[in-house]
Engineer: 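Below is the structure I would like to discuss, written out as structure tokens.
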Amino acid sequence: MPRPESFESWLVEEAGYLRVRALPDGSYAGLVPLLYTVGLCLGVQEGGYTHRYCYEDPALAQKALDALESSDAEPLDGWVARRG
């Protein structure tokens, strides 16, 4: 796996994530644009992610990303669907 700085850059520049954050537990989470929502993806890796929460409000998705402590935690309220 690439160094964390380059991995985060790759996720934004090549994989289409809006924003990526390394979580305190060492995992990654990020926001990805979807057709009608913004996906908060947890457990982000080169091959995808473990699960995502869909938010209709991009500001709530951003707030949830900022508050996450681990990829096992359920994010803040406001999401409308969970996938994966």
Side-chain angles (χ1 to χ4, degrees):
M1 177 182 275
R3 291 188 347 232
E5 308 87 49
S6 61
F7 180 60
E8 291 177 31
S9 296
W10 177 82
L11 287 170
V12 172
E13 295 167 11
E14 302 294 328
Y17 282 81
L18 301 170
R19 182 164 175 254
V20 176
R21 181 172 166 247
L23 303 180
D25 71 349
S27 66
Y28 289 90
L31 299 177
V32 64
L34 302 170
L35 189 56
Y36 297 108
T37 61
V38 173
L40 171 57
C41 301
L42 298 138
V44 175
Q45 305 168 26
E46 284 186 67
Y49 53 84
T50 57
H51 53 284
R52 84 168 184 254
Y53 293 84
C54 300
Y55 286 83
E56 291 178 325
D57 183 347
L60 281 178
Q62 179 67 54
K63 187 175 177 181
L65 175 63
D66 292 340
L68 276 175
E69 292 294 318
S70 78
S71 63
D72 295 328
E74 185 171 297
L76 297 175
D77 290 337
W79 52 271
V80 294
R82 182 184 191 273
R83 305 284 185 246

Engineer: Which atoms form the tightest heavy-atom contact between E56 and P58, and what is the distance?
Structural biologist: O-CD, 3.4 Å
Engineer: Side chain to side chain contact (heavy atoms under 4.5 Å, CB included) for D66 and Q62? Distances and angles first, verdict last.
Structural biologist: CA-CA 6 Å; D66 292 340; Q62 179 67 54; 3.1 Å; yes
Engineer: Closer than 3.5 angstrom, by distance alone: can the side chain of R21 be matched with the main-chain N or O of L68 as a donor-acceptor pair?
Structural biologist: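 The answer is yes, because a donor-acceptor pair under 3.5 Å joins these two groups.
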Engineer: If hydrophobic clusters are built by linking Ile, Leu, Val, Met, Phe, Trp and Tyr wherever their side-chain heavy atoms come under 4.5 Å apart, do V38 and Y49 end up in the same one?
Structural biologist: no
Engineer: Quickly, which of T37, L34, L31 forms a side chain to side chain contact (heavy atoms under 4.5 Å, CB included) with R52? Name it, please.
Structural biologist: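 In the set T37, L34, L31, the residue that makes a side chain to side chain contact (heavy atoms under 4.5 Å, CB included) with R52 is L34.
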Engineer: So, does T50 use its side chain to make a donor-acceptor pair with the main chain of L42 at under 3.5 Å?
Structural biologist: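 Yes; judged by distance alone, with no hydrogens or angles, the pair exists.
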Engineer: Quick check: is V32 connected to W10 through a chain of hydrophobic side chains (ILVMFWY, heavy atoms under 4.5 Å apart)?
Structural biologist: yes
Engineer: Going from SG on C41 to CG on L18, what distance comes out if it is rounded to the nearest 0.5 angstrom?
Structural biologist: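 The SG atom of C41 sits 9.5 Å away from the CG atom of L18.
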Engineer: For the residue pair P75 and A64, what are the closest heavy atoms and their distance?
Structural biologist: CB-CB, 4.0 Å
Engineer: In terms of hydrophobic clusters joined by side-chain contacts under 4.5 Å, are V20 and L76 together?
Structural biologist: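 V20 does not cluster with L76.
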Engineer: For the residue pair S70 / D72, report whether a side-chain donor-acceptor contact shorter than 3.5 Å exists.
Structural biologist: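 Per modelled atom types, D72 and S70 side chains form no pair under 3.5 Å.
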Engineer: Testing the basics here: between L65 and A29, what is the closest heavy-atom pair and its distance to 0.1 Å?
Structural biologist: CD1-CB, 3.6 Å
Engineer: Could you state whether L23 and F7 fall into the same hydrophobic cluster, counting links through intermediate Ile, Leu, Val, Met, Phe, Trp or Tyr residues with side-chain heavy atoms under 4.5 angstrom apart?
Structural biologist: no
Engineer: What do you reckon, is CD of E74 surrounded by more than 12 foreign heavy atoms closer than 6.0 Å?
Structural biologist: yes
Engineer: Is D57 paired with K63 through a side-chain N to carboxylate O contact shorter than 4.0 Å?
Structural biologist: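 The answer is no: the pair does not qualify as a salt bridge.
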Engineer: Hey, any chance L40 and V44 share a hydrophobic cluster, counting ILVMFWY side chains that come within less than 4.5 Å of each other, even indirectly?
Structural biologist: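 L40 and V44: separate clusters.
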